[in-house]
Amino acid sequence: MRKNGVKQNFTVALFELMNLKPYDKISISDLVSKSACSRASFYRNYSSKEQIIEEYITKAFGNTFVRHPLNKENMREEVLCIFREINEQRAVLYILNQAEKLDVLDKLLYHETLQQINRMGVLNNQYQPFFFAGAVSSMIRAWVRFGFKESPEQMTEIFFKSLRGYMSID
């Protein structure tokens with residue numbers, strides 16, 4: 001393994017191991033061995049394997065809506081950019097899906113979508129942001145589970161067809 005930062009070594013090691021065996025069968029000893037880092041380094045940086053996944057997802061997607069702020073004028077273009085960013089991480093997301101660890105992505109997407117919808121102020125009751133945040137998270141989870149068969153462009157179209165009748169967005 002290349003000499004990267006310790007955290008990156010553990011992240012790469014975890015995803016490589018997840019390709020080889022079930023997540024719940026991966027031990028800290030496996031991670032230490034695969035990463036070529038010490039057990040002390042692991043515990044200095046992480047409290048669990050889950051924390052590696054959480055940090056990776058946060059780094060990969062934590063600023064997605066900051067990079068792609070939505071408004072009525074740019075919504076289609078920015079939603080496409082978001083689907084493209086998700087698609088760029090398809091290999092890791094596929095691994096997380098196989099390990100039943102997409103809940104980390106769900107939580108982040110739900111939170112970010114909720115904030116974005118509230119910033120836009122396009123909904124008419126206090127429950128709609130929660131409804132849409134859950135729908136966005138579920139749609140992306142389904143895309144991963146279905147193996148990214150649709151392109152980001154197709155997913156953007158599916159997204160907007162799904163919105164028709166709920167929001168006045170073209």
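Distance CE/Met75 to CD1/Ile82: 9.0 Å, rounded to 0.5 Å. Of the inter-residue distances, the one linking Thr11 atom OG1 with Glu16 atom CD reads 11.0 Å to the nearest 0.5 angstrom. The CZ atom of Phe83 sits 5.5 Å away from atom CD1 of Ile140, with the distance rounded to the nearest 0.5 Å.
The local environment of OH in Tyr94 is sparse, with at most 12 non-hydrogen atoms from other residues, nucleotides or ligands closer than 6.0 Å.
Applying the salt bridge (Lys or Arg N to Asp or Glu O under 4.0 Å) rule to Asp103 yields no partners; only residues at least two apart in sequence or on another chain are considered. Looking at residues two or more places apart in sequence or on another chain, you find no side chain to side chain donor-acceptor pair (under 3.5 Å) involving Glu77. Partners of Ser27 according to the side-chain contact (heavy atoms from CB on, under 4.5 Å) rule, which considers only residues two or more places apart in sequence or in another chain, are Ser29, Asp30. Legend: residues meeting salt bridge (Lys or Arg N to Asp or Glu O under 4.0 Å) with Arg84, ordered by chain and number and at least two apart, are Glu153. Qualifying salt bridge (Lys or Arg N to Asp or Glu O under 4.0 Å) partners for Lys101, counting only residues two or more places apart in sequence or in other chains: Glu50. With sequence neighbours excluded, the residues that form a side chain to side chain donor-acceptor pair (under 3.5 Å) with Gln89 are Tyr56. Among residues two or more places apart in sequence or in another chain, the side chain to side chain donor-acceptor pair (under 3.5 Å) test is passed with Glu88 by none. Judged as a side-chain contact (heavy atoms from CB on, under 4.5 Å), and not counting sequence neighbours, the contacts of Gln115 are His111, Glu112, Arg119. For Ser137, the side chain to side chain donor-acceptor pair (under 3.5 Å) partners are Asp106, not counting sequence neighbours. Residues forming a salt bridge (Lys or Arg N to Asp or Glu O under 4.0 Å) with Lys107 (at least two apart in sequence, or on another chain): none.
Both Tyr23 and Val92 belong to a single network of hydrophobic side chains, linked directly or stepwise wherever heavy atoms of I, L, V, M, F, W or Y lie under 4.5 Å apart. Phe15 and Val6 end up in the same hydrophobic cluster when Ile, Leu, Val, Met, Phe, Trp and Tyr side chains are linked at under 4.5 Å. Under the 4.5 Å side-chain heavy-atom criterion for grouping Ile, Leu, Val, Met, Phe, Trp and Tyr, Leu109 is connected to Leu163 within one hydrophobic cluster. Put simply, Leu105 and Phe130 are part of two different groups of oily side chains (I, L, V, M, F, W, Y) that touch within less than 4.5 Å, one to the next.
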side-chain contact (heavy atoms from CB on, under 4.5 Å) between Phe148 and Leu93, intermediate numbers included: CA-CA 10 Å; Phe148 291 92; Leu93 294 175; 4.0 Å; yes
Start with the C-alpha distance between Tyr110 and Val136, add both sets of side-chain angles, then the distance that settles side-chain contact (heavy atoms from CB on, under 4.5 Å), and finish with yes or no. CA-CA 7 Å; Tyr110 184 86; Val136 167; over 6 Å; no
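Leu80 belongs to no multi-residue hydrophobic cluster, having no ILVMFWY side-chain contact under 4.5 Å with any other such residue.
Side chains of Ser47 and Phe42 form no contact here, defined as non-hydrogen atoms less than 4.5 Å apart. In this structure, Met139 and Met155 have side chains that are in contact, with non-hydrogen atoms separated by less than 4.5 Å.
Sorted by first then second residue, the salt bridge (charged side-chain N to carboxylate O under 4.0 Å, His left out) pairs that include residues 53-64, not counting sequence neighbours, are Lys7-Glu55.
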